[in-house]
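Input: a single structure, listed below in structure tokens.
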Number of protein chains: 2
Amino acid sequence: MGLTKSEIFTDQQNEISNIAKVFGHPARVAILQHIFKSNTCICGDLVEEIGLAQPTISQHLKELKKVGLIKGNIEGTSVCYCIDEENWSNMKTIISDFINQDINEQNNCC
Amino acid sequence: MGLTKSEIFTDQQNEISNIAKVFGHPARVAILQHIFKSNTCICGDLVEEIGLAQPTISQHLKELKKVGLIKGNIEGTSVCYCIDEENWSNMKTIISDFINQDINEQNNCC
DNA sequence: TATATTAATCGTAATATTGCAATATAATAA
DNA sequence: TTATTATATTGCAATATTACGATTAATATA
């Protein structure tokens, strides 16, 4: 096995987990934080900033792009990445709705 | 390889990714949603509710327990799980802070 | 005590992820 | 055109994750 049975879950559940999976690696968290913090929009600085090999960073960027949280812009020989604001905003709604569910105090069994 | 280099990241980055990793599987999202929704606190209902084998559900519950988001209470032969409110609340702060970072509009290169 | 009932653990197969060296590709500069 | 620079892709080894059958452990009930 090793294969997640996505079919048995709702679209919403798969959507939440797909986003969360991308946040589930510290390198991708670090990349996003760097994009947020940095005034210049970045590209290959991430390699020396984070300390992983260039192909590894490239791979993480690819996954961030795949879920749409970032987008890249070619500038000469380098590529500048930034947050995809609309998709980031949508993500915020999806994740917030999930983590802000109200706990039913009447039925606490612990 | 296949081994995440946690040492090169901050505690905060590792903390965020560790929480997110747990949300990164639809079964665990479904389990949490079921605990939130259900009036009775649950246990083995999850198996038939979700449609994965009992050992698989048990394994997912274990990971949710490991990060502290749920706790279990033995009731006879069954175990009743519920949200660990304090840890859930802490998680909310950590994740909210991360996803609610302000986008620096002046430096959008895309 | 014997027998259900329920959940956890063990063992294992299949697949996914991480990380990097080597290489390829793309764009500019000389 | 030929370097140079920056990023992406490929291929692969090491490790992690997912899923489940079989088994075990713990409690309840006959």
Side-chain angles (χ1 to χ4, degrees), chain A residues 1-9 13-14 17-18 20-31 34-35 40-67 70-82 109-110, chain B residues 1-9 13-14 17-18 20-31 34-35 40-67 70-82 109-110:
Chain A
M1 283 101 203
L3 196 153
T4 298
K5 289 186 163 181
S6 309
E7 334 83 56
I8 67 172
F9 301 103
Q13 288 161 346
N14 284 310
S17 62
N18 282 334
K21 198 178 284 180
V22 172
F23 291 149
H25 193 288
R28 293 190 288 263
V29 170
I31 289 171
H34 186 84
I35 296 181
T40 63
C41 202
I42 1 94
C43 37
D45 324 299
L46 289 166
V47 174
E48 56 175 308
E49 178 76 17
I50 293 177
L52 288 172
Q54 180 268 320
T56 308
I57 296 291
S58 193
Q59 198 173 301
H60 285 304
L61 285 167
K62 194 178 181 181
E63 288 178 67
L64 287 165
K65 259 189 294 182
K66 204 174 67 186
V67 287
I70 64 170
K71 49 186 177 179
N73 191 41
I74 298 172
E75 288 187 354
T77 57
S78 61
V79 177
C80 180
Y81 285 99
C82 62
C109 60
C110 298
Chain B
M1 283 97 205
L3 196 155
T4 298
K5 289 187 161 181
S6 309
E7 334 83 55
I8 68 173
F9 301 102
Q13 287 161 347
N14 284 310
S17 62
N18 282 333
K21 196 179 285 181
V22 172
F23 291 150
H25 194 288
R28 293 190 288 263
V29 171
I31 288 172
H34 187 84
I35 295 181
T40 63
C41 202
I42 2 93
C43 38
D45 323 300
L46 289 165
V47 174
E48 56 174 308
E49 178 76 17
I50 293 178
L52 289 171
Q54 180 268 319
T56 307
I57 296 291
S58 194
Q59 199 173 299
H60 285 304
L61 286 168
K62 193 179 181 179
E63 289 178 65
L64 287 166
K65 259 190 295 182
K66 204 174 65 186
V67 288
I70 63 170
K71 50 187 176 178
N73 191 40
I74 298 172
E75 290 187 352
T77 57
S78 62
V79 177
C80 180
Y81 286 99
C82 62
C109 60
C110 298

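Just so we're on the same page: letters track the sequence lines, and every chain starts at 1.
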Any N/O pairs under 3.5 Å between the protein and nucleotides 13-16 of chain C? List them or say none.
{"unit_1": "C:dA13", "atom_1": "N3", "unit_2": "A:Met1", "atom_2": "N", "d": "3.3"}
{"unit_1": "C:dA14", "atom_1": "O4'", "unit_2": "A:Met1", "atom_2": "N", "d": "2.4"}
{"unit_1": "C:dA14", "atom_1": "N9", "unit_2": "A:Met1", "atom_2": "O", "d": "3.4"}
{"unit_1": "C:dA14", "atom_1": "N3", "unit_2": "A:Met1", "atom_2": "O", "d": "2.3"}
{"unit_1": "C:dA14", "atom_1": "N3", "unit_2": "A:Gly2", "atom_2": "N", "d": "3.2"}
{"unit_1": "C:dT15", "atom_1": "O4'", "unit_2": "A:Met1", "atom_2": "O", "d": "2.5"}

Of the residues in residues 46-56 of chain A, which ones touch DNA chain C at a heavy-atom distance under 4.0 Å? A:Leu52, A:Ala53, A:Pro55, A:Thr56
Starting from P on C:dG19, measure out to CD1 on A:Ile31 and report it in whole angstrom. 10 Å
Heavy-atom side-chain proximity of B:Lys21 to B:Ser17 below 4.5 angstrom: no
Just checking B:Glu7: does its CD atom have more than 12 heavy atoms from other residues, nucleotides or ligands closer to it than 6.0 angstrom? yes
Can you give the dot-bracket line for DNA chain C, where a pair is Watson-Crick or G-U wobble with both atom distances under 3.5 Å, crossing pairs use [ ], and | marks a partner on another strand? ||||||||||||||||||||||||||||||
Just wondering, do B:Val67 and B:Phe23 contact through their side chains at under 4.5 Å, heavy atoms? no
Separation of C:dT6 C1' from B:Asn73 CG (nearest whole Å): 15 Å
How does each nucleotide of nucleotides 24-30 of chain D score, in 5' to 3' order, for protein heavy atoms under 4.0 Å: base (B), sugar-phosphate only (S), or none (-)? ---BS--
Could you list by number each residue of residues 57-66 of chain A showing a heavy-atom separation from DNA chain D of less than 4.0 Å, or answer none if no residue does? A:Ser58, A:Lys62, A:Lys65
Excluding sequence neighbours, so at least two apart, what forms disulfide bond (SG atoms under 2.5 Å apart) with A:Cys80? B:Cys109
Below 4.5 Å, heavy atoms only, C-beta onward: do B:Val47 and B:Leu52 meet side chain to side chain? no
So, using side chain to side chain contact (heavy atoms under 4.5 Å, CB included) as the criterion, who are the partners of A:Glu49 when residues are at least two apart? A:His34
Among residues at least two apart in sequence or on other chains, which ones pass side chain to side chain donor-acceptor pair (under 3.5 Å) with A:Thr4? B:His25
Using a cut-off of strictly less than 4.0 Å, decide whether B:Tyr81 has a side-chain nitrogen or oxygen near OP1 or OP2 of C:dA8. yes
Can you list everything that forms a side chain to side chain donor-acceptor pair (under 3.5 Å) with A:Lys65? Sequence neighbours excluded, please. A:Tyr81
List in chain and number order the residues that pass side chain to side chain donor-acceptor pair (under 3.5 Å) with B:Gln13, two or more places apart in sequence or in another chain; answer none if no residue qualifies. A:Gln33, B:Thr10
Side-chain contact test, heavy atoms from C-beta onward, threshold under 4.5 Å: evaluate it for A:Ile31 versus A:Leu61 and give yes or no. yes
Separation of D:dT7 P from A:Ile70 CD1 (nearest whole Å): 12 Å
Closest approach of A:Ala20 and B:Gly24, non-hydrogen atoms and distance? CB-N, 3.7 Å
If you look at every heavy atom in B:Val79 and B:Gly72, which pair is closest and at what distance? CG1-CA, 4.2 Å
Please state how far atom CD1 in B:Ile42 lies from atom P in C:dT6, giving the value in whole angstrom units. 15 Å
Qualifying residues under side chain to side chain donor-acceptor pair (under 3.5 Å), relative to A:Glu63, sequence neighbours excluded: A:Arg28
Does B:Ile8 CD1 have over 12 foreign heavy atoms under 6.0 Å away? yes
Of the non-hydrogen atoms in A:Ala30 and A:Ile50, which two are nearest, and what is the gap between them? CB-CD1, 4.0 Å
Can you name the residues that form a side chain to side chain contact (heavy atoms under 4.5 Å, CB included) with A:Lys71, not counting sequence neighbours? A:Cys82, A:Asp84, B:Cys110
5' precedence on DNA chain D between A:Gly44 and A:Lys5 (nearest-nucleotide basis): A:Gly44
